[in-house]
Amino acid sequence: MTRYTPAEIEARWQKVWDRDEVFKAVRSADKPKYYVLEMFPYPSGRIHMGHVRNYTMGDVIARYKFATGHNVLHPFGFDAFGLAAENAAMERGIHPKDWTYQNIDDMIAQMKPLGFGLDWSRLFATCDVNYYGQQQSLFLDFLEAGLVYRKNAVVNWDPVDMTVLANEQVEQGRGWRSGALVERRELTQWFFKINDYSEELLDALDTLENWPAKVRLMQENWIGKSRGLQFAFSTIDAPEGHDRIEVYTTRPDTLMGASFVGISPDHPLAKVLERDNAEVAAFCADCRKIGTTEEAIETAEKLGFDTGIRVRHPFDTAHELPVYIANFILMDYGTGAIFGCPAHDQRDFEFATKYGLPIISTYLPSEDSPETLTEAYVPAKTEKVFYNRGFAGEAHQTGLEAIDAAIDFCENSGVGQGVTKFRLRDWGLSRQRYWGCPIPVVHCDACGVVPEKKENLPVELPYDVTFDTPGNPLDRHPTWRDTPCPSCGKPAQRETDTMDTFVDSSWYFARFTAPDAKTPTVMEDVAYWMNVDQYIGGVEHAILHLLYSRFFARAMQITGHLPKSANEPFNALFTQGMVTHEIYLTRDEKGRPVYHLPEDIHWTESGARLGADGPEVQVVPSAKMSKSKKNVVDPINIISAYGADTARWFVLSDSPPERDVEWTASGAEAAFKHLTRVWNLCDRIGKMDKDAPGVGDEELLRAMHLCIHDVTMGIESFGFNAAIAKLYAFTATLQKSKAGHAAQRQAVMTLAQLMSPMTPHLAEDIWKHQGGDGLVTTASWPKADEAMLVSDTVTLPVQVNGKRRAEIVVPADMPKEEVEKAALADQAVQRTLDGAEPKKVIVVPGRIVNVVV
RNA sequence: GCGGGCGUGAUGGAAUGGUAGACAUAUCAGACUUAAAAUCUGAAGGGCGUAUGCCCGUGUGGGUUCGAGUCCCACCGCCCGCACCA
């Protein structure tokens, strides 16, 4: 009796796939190409179950497409620049480069045993000089094409560590290392002109039919197109040069309800006032402590400072409004100034209540509604309301109609212009950090900002840097900054900012098509392999990474690095869920939670304990696996206990791929048991008497064809969990079958083929055992015989008034009238009807019968 | 705060608007075994009933429909994103 020994089987077949270079992608005109890509990982050092799930899904698609006759490109790499490497350097004194490359080696060693059908020859990391050097070349092309520019922008500044902080490094308004209150500070930084492409990026969303609707909607909201009115208030007693305040509003119909003007603490007027007035300066300084995230700004207590300046209402110059500096107004959006209409905006309402400002309604639910409000009245823009202080259009109209009428009216009377604005801001790419792609420009006293010459690329990161003092090591480096000006040749200094890691991930998919090329891309290769046919990754990238990549595809097309057809780089997108696990905790003497690893928990009759007789452990419902909660299962342990096929099988079963899957020890064990069962089944069939007669050959083959059909549909539609359920059911059928050897052999070989995208090693082994030709991996995908899928009779449920009362078995091709008769003739139906005359009988062929009385 | 999503047995979940709970876990029963494990067979949403059966049931409340877990509206709860984490 042989046994299922995954460790041995898996190593053997991985060697064969490697030897035969089965997954090496080569351009070819014979087959249609298929490019499947999973979002590449950050090299944290350990692969986790989320990676296993992500790459298993991609591998299922890749192997399936391979079997259906496609020329598949399935590459892998690392998104290797980033903050974590610098943190490791600071915390543990390891050089970011050494740390990163060590992690990459470790992760590759952990990935290989999973048996993914990847073209490892295309592997690269974004921190490879070869990659980021080409990225610098791209940057220079973008610069020349006018797609990049410099302007001031706000960063989180730690005044003690004297360094820029990432949002992640800000904890409750304080620097994570120093604990100092974080301030906002302005720096001159580089920006990509993504906002110029707002309209196009928005419109093209409609063409992305194979993207999840929710991702398209999120991008649509992020781009945030709005039509509104831009106009100016004229000021009274304002500093010179500020006799007007430009404001932008999406609700010009509420203009008569304006009761104050608010400006951002970063507004030019606020800055002028700040210079001469200590109180204003103090207020603005307070505002700048909030931090730079939109979330922090929006959730902070709404504060205002009355500047004493007044403005005149454009329609009633006798009506004067106060000008406040307000902490919730962003300088980046609109004009950095708003008018407040407390009656129709809850935030303005609270602000007005706090500072004793008037609340003036411009519209009401109806003519006889009271004018006094206890909260802002904010109906849907499509709802018809009564304008008690309207100035354009009808008295009764919807918000949308009123907005259009108000814009027309204001344009005609010269008060302002209708303007389309986008919420999307230009993409700031400068980072004041070491571990990133250096921005290839030089600062020259005589020539200003000068792009580095392409022949001087790559601008390589120096290795000899230290992290023992605060700030950017590139700034402190004794010689790295020194370089001759590319324009005049005089001594000049390199830019020490590096690029946002989102730049690295915005074109790696194109680089995979020619990873060693001496140019960013090679037209022949990108033209052949692009677009990515199926992109798979976490929904957390729904906005930024995917939007930036879409912008980059356009910019690369403009600069000649991608064909026009690759404007939208990802034909289909799938966003997969996370792997979760229960959390186990006890409390220390101060009541603080102490977390425990799943392998330290012992299950007893009285519940979960720490050790056999240890203290009882509280079980918290499943959440994303995280080191801090210790609810992690290391894929390496699972592979050594059960094998890669079990891990792959389990992460695909149970939950639909777009949702989270809960890792359970019992589930993993069940997956292993099932694979063992399949293996034993193969073993048993191999030992069958080849000539002994069997019964039920046809039923078995019918079930097999149905399974081919269902599994194929499941894979095509990302219903991996459903496909696996069908495979379970078919395995049970085969196990019980008394069919002859030939039919059983055919069934188990087909089962192996259908399982091969999920459990490729086991499938190869079964295939070989049954004497299949070559590799199951290269065998062509089985086709369901349509004739075997239809049966002669169908069982139809019969409902009476929508409640199921009976079942009838009728020939599949029975005409509707006959089915109706058969249903009414049924005893149970007769009994339920109890003599009542049916009013209507609905027959849905092959589905259901509903009798209505 | 704004934006997005989710809510079905004890648990993970299945279900082109058409028999709710496939498949799996946990549970229980049986077979095998001296016994246990493993393996195999079977039961199982809740309630009532000896039973053919009947009633209730997909977070809550409405609506559309011959028919709603599925579509629409409102509410409740949970999760995710918010531009320098990737």
Side-chain angles (χ1 to χ4, degrees), chain A residues 39-42 44 79 81-84 87 153 155-156 164-170 189 212 214-215 217-218 220-222 224 292-300 302 328 332 346-347 423-433 500-502 504-505 538-545 547-548 578 580 621-624 650 653-656 658-667 669-671 673-674 676-677 680 719 721-722 724-729 732 735-736 795-799 801-807 827-828 831 839-842 844 846-853:
Chain A
M39 291 179 187
F40 61 168
Y42 180 78
S44 59
D79 189 13
F81 275 133
L83 201 53
N87 293 343
V155 294
N156 297 306
V164 175
L165 296 178
N167 283 333
E168 191 188 55
Q169 297 171 315
V170 179
Q189 307 197 51
K214 68 170 174 182
V215 173
L217 184 60
M218 284 163 89
E220 185 182 325
N221 289 331
W222 190 258
T292 59
T293 72
E294 194 174 317
E295 183 192 7
I297 291 164
E298 289 295 324
T299 50
K302 307 297 179 285
F328 56 87
D332 295 308
Q346 191 57 29
R347 187 174 61 190
R423 202 187 77 101
L424 180 64
R425 314 203 286 253
D426 275 338
W427 170 14
L429 67 116
S430 301
R431 296 292 181 271
Q432 297 68 41
R433 293 185 214 297
D500 179 7
T501 57
F502 274 120
D504 312 335
S505 56
V539 72
E540 66 271 22
H541 295 291
I543 297 172
L544 294 181
H545 163 59
L547 192 60
Y548 291 159
M578 297 177 303
T580 65
S622 224
K624 179 180 183 172
F650 181 70
S653 56
D654 283 4
S655 290
E658 67 274 17
R659 262 203 254 173
D660 294 350
V661 65
E662 183 180 25
W663 184 276
T664 59
S666 56
E669 199 178 316
K673 282 182 188 172
H674 179 73
T676 305
R677 241 183 334 259
N680 291 340
N721 56 326
I724 282 178
K726 302 291 184 187
L727 287 166
Y728 268 111
Q735 216 164 4
K736 286 172 197 163
T795 306
L796 292 184
V798 183
Q799 297 181 333
N801 286 338
K803 283 187 195 291
R804 192 183 72 89
R805 296 297 174 185
E807 267 179 8
Q827 249 188 358
R831 194 174 52 237
K839 271 193 222 133
K840 195 165 151 192
V841 180
I842 291 146
V844 184
R847 276 278 175 205
I848 204 166
V849 181
N850 192 9
V851 181
V852 187
V853 290

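Note that these values count all heavy atoms, side chains included, but never hydrogens, waters or copies made by symmetry. Residue numbers start from 1 in every chain, and the chains themselves are labelled A, B, ... in the order their sequence lines are given, proteins ahead of strands.
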message = Dot-bracket, 5' to 3', for RNA chain B please: Watson-Crick or G-U pairs under 3.5 Å, [ ] where pairs cross earlier ones, | where the partner sits on another strand, dots elsewhere.
response = (((((((..(((.....[....))).(((((.......))))).((((....))))..(((((..]....))))))))))))....
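- OP1 or OP2 of B:A86 sits under 4.0 Å from a side-chain N or O of A:T501.
- Base orientation for B:G46: anti, the chi torsion being more than 90° from 0.
- The base of B:C84 sits with one of its N or O atoms less than 3.5 Å from a complementary donor or acceptor on the side chain of A:Q432.
- Checking the phosphate oxygens (OP1, OP2) of B:G4, a side-chain nitrogen or oxygen of A:N221 falls inside 4.0 Å.
- Distance from the side chain of A:I543 is smallest for B:G81 among the nucleotides B:G81, B:U25, B:C23.
- For A:Y548, whose side chain is taken as the heavy atoms from C-beta onward, the closest listed nucleotide among B:A83, B:A86, B:G18 is B:A83.
- In terms of phosphate contacts, A:R431 brings no side-chain nitrogen or oxygen within less than 4.0 Å of OP1 or OP2 of B:A83.
- Below the 3.5 angstrom threshold, one finds no donor paired with an acceptor across the side chain of A:Q346 and the base of B:C2.
- Rounded to a whole Å, the CE atom of A:M218 is 13 Å from the P atom of B:A83.
- Going from atom NZ of A:K840 over to atom P of B:G18 covers 17 Å, rounded to whole Å.
- Residue A:Y42 places its side chain closer to B:A86 than to any other of B:U19, B:G3, B:A86.
- When rounded to the nearest whole Å, the span between CG of A:L429 and P of B:A86 equals 14 Å.
- Look at the C1' atom in both B:A15 and B:G67: the space between them is 15 Å, to the nearest Å.
- Close to B:G18, at under 4.0 Å from its OP1 or OP2, lies no side-chain N or O of A:N850.
- Set against B:U25, B:C66, B:A86, the side chain of A:S666 has B:U25 as its closest nucleotide.
- Heavy-atom distances to RNA chain B give each of A:R804 and A:K302 a nearest nucleotide, and the one nearer the 5′ end belongs to A:K302.
- What separates CG of A:D660 from P of B:C6 is a distance of 12 Å, to the nearest Å.
- B:G13 atom P lies 11 Å from atom CD of A:E658, rounded to whole Å.
- The C1' atoms of B:G45 and B:A22 are separated by 15 Å, rounded to the nearest whole Å.
- Side chain A:R805 to base B:U19: no donor-acceptor pair is found below 3.5 Å.
- Between A:R423 and B:A83 there is no side-chain polar atom (N or O) within less than 4.0 angstrom of OP1 or OP2.
- Relative orientation of the A:F502 and A:H545 rings is parallel, given thresholds of 30° and 60° on the angle between their planes.
- In this structure, A:L165 atom CG and B:C84 atom P are separated by 14 Å, rounded to whole Å.
- Between the C1' atoms of B:G59 and B:C79, the separation comes to 15 Å (whole Å).
- The pair A:E294-A:R423 meets the salt-bridge criterion, with a side-chain N (NZ, NE, NH1 or NH2) lying under 4.0 Å from an Asp/Glu carboxylate O.
- To the nearest angstrom, C1' of B:C80 lies 7 Å from CE of A:M578.
- Remark: the backbone N or O of A:Y42 is not paired with any side-chain donor or acceptor of A:D79 at under 3.5 angstrom.
- For the P atom pair drawn from B:G5 and B:C73, the interatomic distance equals 12 Å after rounding to whole Å.
- Rounded to whole Å, atom C1' of B:G13 lies 13 Å from atom OH of A:Y728.
- Heavy-atom distances to RNA chain B give each of A:K673 and A:L217 a nearest nucleotide, and the one nearer the 5′ end belongs to A:L217.
- Separation of the C1' atoms belonging to B:U16 and B:U11 is 28 Å when rounded to the nearest angstrom.
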